[in-house]
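Notes follow the structure.
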Amino acid sequence: MRYDLSDRLVVGIASSALFDLTECDAVFREQGEDAYRAYQEAHADHALAKGVAFPFVRRLLSLNDLSDRSDPLVEVIILSRNDPDTGMRVMRSITAHHLPISRAVFRQGRPSHPFMRALNMSLFLSANEPDVRDAVAAGLPAGRVLHTARIDDESDPELRMAFDFDGVLAGDASERVFQSLGLDEFRAHEVREAATPHDPGPLRGFLAGVNRIQRREEERRRGDPAYQPRLRVSLVTARDAPTHERAIRSLKGWGLRVNDAFFLGGIEKAAVMRTLDPHIFFDDQVSHLNGTAHGTPSVHVPFGMVNAQPPAPTTDAIPLSRHRNGIRGPRTR
């Protein structure tokens, strides 16, 4: 029977985001691929430890109790650079941790994110920065998980998500105005364009899927007043008044919503995160995430001009004859 993904919230996740692969990666880097393969085979029945995105994924999948088991709202699919043999430990670890994940893509040494559209994915999470950057450059919604020291409270049934606005839910056109013309012109521009919705950013589609689940929770509560919704979404942005209005009106124009909004106007986001305590926070600026990541599972979305790769070093000073001999400057990704 055909399994249709079109009406589900589908998340792709690399094993590096779901599990702690520190030890495995050290074997690969220090001893090479053959040693890594032998190590994974020898430890196939040793469950991998939980990674940065594990609490988020576990809670997201738990929301499938809002629907019939044969028709889940959420699907999580492994996207991995492992081959099927070394990926066996990943799948056994999923079973050991009682995660209802049954689908996976294993591509030996090659990225799996090109299959995101075929699998109707609205988010891909990985700890591999080049893979995430390549996915975003291809117009795909992806983020890199950052190491965190947060210890999850597994007795907490809520799933709290937090999103930055510009460069995450919205495009970065206004960020470009700010970067090129400064704060005053940015504010003036946003006031002039307040009634014009922003272009969508990389994670607008993901929020749309989250909102569909929230509507299902509302239906459950109407039928059962004792039911407590578990999914809560916050907007946490450096915008303040009067630029807040265009963000709110954009969300409404897209048919989307958030439960909470923090318009911080330059206040450090980490201070808010300590109280809000989300299970995942998406931002496009590393400068913000450097403050939040220690205590909050944080995801860098490398979208827009603030994440443009620096140009390759100039080679103007290298004599032409050296170029002809095949000598090149440093490589950049």
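Positions are given from 1 along the sequence. We use all heavy atoms of the structure for the numbers below, so side chains are in, but hydrogens, waters and symmetry mates are not.
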Give the C-alpha distance, both sets of side-chain angles, the deciding distance and a yes or no for salt bridge (charged side-chain N to carboxylate O under 4.0 Å, His left out) between K50 and E154. CA-CA 12 Å; K50 300 170 184 177; E154 296 190 358; 2.3 Å; yes

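- With a 6.0 Å radius and a threshold of 12 heavy atoms from other residues, nucleotides or ligands, R192 has its CZ atom above the threshold.
- For the atom pair CG of L231 and CD of E218, the computed distance is 10.5 Å after rounding to the nearest 0.5 Å.
- Within the 4.5 Å cutoff, the side chain of L264 has heavy atoms near those of the V236 side chain.
- In this structure the side chain of S234 never reaches within 4.5 angstrom of the side chain of N259, judged on heavy atoms.
- Using cut-offs of 30° and 60° for the angle between ring planes, the W254 and F165 rings count as parallel.
- Under the 4.5 Å side-chain heavy-atom criterion for ILVMFWY residues, no single connected hydrophobic cluster contains both F186 and V168.
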Please assess Y3 against E75 for the test side-chain hydrogen bond (donor to acceptor under 3.5 Å, both in side chains), listing each intermediate value before the final yes or no. CA-CA 11 Å; Y3 188 73; E75 185 76 35; 2.7 Å; yes

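- Here the closest non-hydrogen pair linking A195 and R249 is CB-NH2, 3.5 Å.
- In this structure, the side chains of H279 and M161 stay at 4.5 Å or more apart for every pair of heavy atoms.
- V11 and M91 end up in the same hydrophobic cluster when Ile, Leu, Val, Met, Phe, Trp and Tyr side chains are linked at under 4.5 Å.
- Taken to the nearest 0.5 Å, the CG atom of L9 stands 9.5 Å off from the CG atom of L63.
- Under the 30°/60° scheme for interplanar angles, the aromatic rings of H113 and F124 are found to be tilted.
- A chain of hydrophobic side-chain contacts below 4.5 Å, direct or via other Ile, Leu, Val, Met, Phe, Trp or Tyr residues, connects F281 to L276.
- Between the side chain of S93 and the backbone N or O of A47 there is no donor-acceptor pair closer than 3.5 Å.
- For the atom pair CG of L123 and CE of M116, the computed distance is 7.0 Å after rounding to the nearest 0.5 Å.
- Counting heavy atoms of neighbouring residues, nucleotides and ligands inside a 6.0 Å radius, atom CG of D184 does not exceed 12 of them.
- Atom CG of L251 sits about 6.5 Å away from atom CG of L235, to the nearest 0.5 Å.
- Going from atom CD of E158 over to atom OG of S62 covers 11.5 Å, rounded to the nearest 0.5 Å.
- Put simply, the side chain of R150 never gets that close to the backbone of P297: no donor and acceptor are under 3.5 Å apart.
- A salt bridge does not link R212 with D7: every distance from a Lys NZ or Arg NE/NH1/NH2 to an Asp or Glu carboxylate oxygen is 4.0 Å or more.
- Other residues, nucleotides and ligands contribute at most 12 non-hydrogen atoms within 6.0 Å of the CD atom of E41.
- Using modelled atom types, one finds a donor on one side chain and an acceptor on the other under 3.5 Å when comparing Q179 with E175.
- A side-chain N or O of E190 and one of H198 form a donor-acceptor pair less than 3.5 Å apart.
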What verdict does the salt bridge (charged side-chain N to carboxylate O under 4.0 Å, His left out) test give for E219 and R215, after you've listed the backbone C-alpha separation in whole Å, the side-chain angles of each residue and the deciding distance to 0.1 Å? CA-CA 6 Å; E219 292 172 6; R215 288 193 291 273; over 6 Å; no

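- Residues L289 and V301 are members of separate hydrophobic clusters, defined by side-chain heavy-atom contacts under 4.5 angstrom among Ile, Leu, Val, Met, Phe, Trp and Tyr.
- Pairing each heavy atom of G143 with each of V132, the nearest pair is O-CG2, 3.5 Å.
- T292 contributes no side-chain N or O that, together with a main-chain N or O of T296, makes up a donor-acceptor pair within less than 3.5 Å.
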Residue pair R59, I280: steps toward the side-chain contact (heavy atoms from CB on, under 4.5 Å) verdict: CA-CA 11 Å; R59 287 174 170 82; I280 198 160; over 6 Å; no

Might you work through the side-chain contact (heavy atoms from CB on, under 4.5 Å) test for H97 and R58, ending with a clear yes or no? CA-CA 9 Å; H97 287 291; R58 182 179 67 81; over 6 Å; no

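- Within 6.0 Å of atom NE2 in H294, 12 or fewer heavy atoms from other residues, nucleotides or ligands are found, so the atom counts as exposed in its surroundings.
- The salt bridge (Lys or Arg N to Asp or Glu O under 4.0 Å) check on E268 picks up nothing, with sequence neighbours excluded.
- The two residues A53 and I13 have their closest heavy-atom pair at CB-CD1, 3.7 Å.
- What you find for P197 and R246 is that their closest heavy atoms are O-NH2, 3.9 Å.
- A donor-acceptor pair shorter than 3.5 Å can be found between the side chains of H300 and N307.
- R8 is listed as a side-chain neighbour of P72, based on a closest heavy-atom distance under 4.5 Å.
- With contacts defined as side-chain heavy-atom distances shorter than 4.5 Å, the pair L207/V233 qualifies.
- A49 meets the side-chain contact (heavy atoms from CB on, under 4.5 Å) test with D20; sequence neighbours excluded.
- By the 4.5 Å heavy-atom criterion applied to side chains, S80 and R107 are not counted as neighbours.
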Where do R232 and L159 land on the side-chain contact (heavy atoms from CB on, under 4.5 Å) test, with the steps shown first? CA-CA 6 Å; R232 193 166 189 91; L159 170 53; over 6 Å; no

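- The cluster map of Ile, Leu, Val, Met, Phe, Trp and Tyr, joined by side-chain heavy atoms under 4.5 Å apart, puts F54 and I78 in the same cluster.
- Side-chain contact of D85 with Q108: a donor-acceptor pair under 3.5 Å is absent, judged by distance alone.
- Residue R204 comes nearest to L169 through the heavy atom pair CB-O, 3.5 Å, listed as atom of the first residue, atom of the second, then distance.
- A side-chain hydrogen bond (donor to acceptor under 3.5 Å, both in side chains) with H288 holds for exactly one of D164, D283, T237; it is D283.
- Using a 4.0 Å cut-off between charged nitrogen and carboxylate oxygen, D131 and R133 do not count as a salt-bridge pair.
- Of all heavy-atom pairs spanning V90 and F19, the tightest one is O-CE1, 3.9 Å.
- Within the cation-pi definition used here (under 6.0 Å to the ring centroid, within 45° of the axis), R239 does not qualify as a partner of F262.
- Using a 4.5 Å heavy-atom cutoff, the side chains of R187 and V177 are not in contact.
- For the pair R220 and Y227, the cation-pi test (distance below 6.0 Å, angle within 45°) is passed.
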Could you please spell out the steps behind the side-chain contact (heavy atoms from CB on, under 4.5 Å) verdict for C24 and L48? CA-CA 10 Å; C24 308; L48 293 161; 3.9 Å; yes

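- Checking side-chain atoms of H189 against main-chain N and O of E185 turns up no donor-acceptor pair under 3.5 Å.
- Note that CG of N82 is 5.0 Å distant from OG of S15, once rounded to the nearest 0.5 Å.
- Here R176 does not pair with D166 in a salt bridge; the nearest charged N to carboxylate O distance is not below 4.0 Å.
- Using modelled atom types, one finds no donor on one side chain facing an acceptor on the other under 3.5 Å when comparing S126 with N128.
- Cation-pi check for R160 over F56 is not met; the charged atom does not lie both under 6.0 angstrom from the ring centroid and within 45 degrees of its normal.
- Between V57 and L61 there is a side-chain heavy-atom pair separated by less than 4.5 Å.
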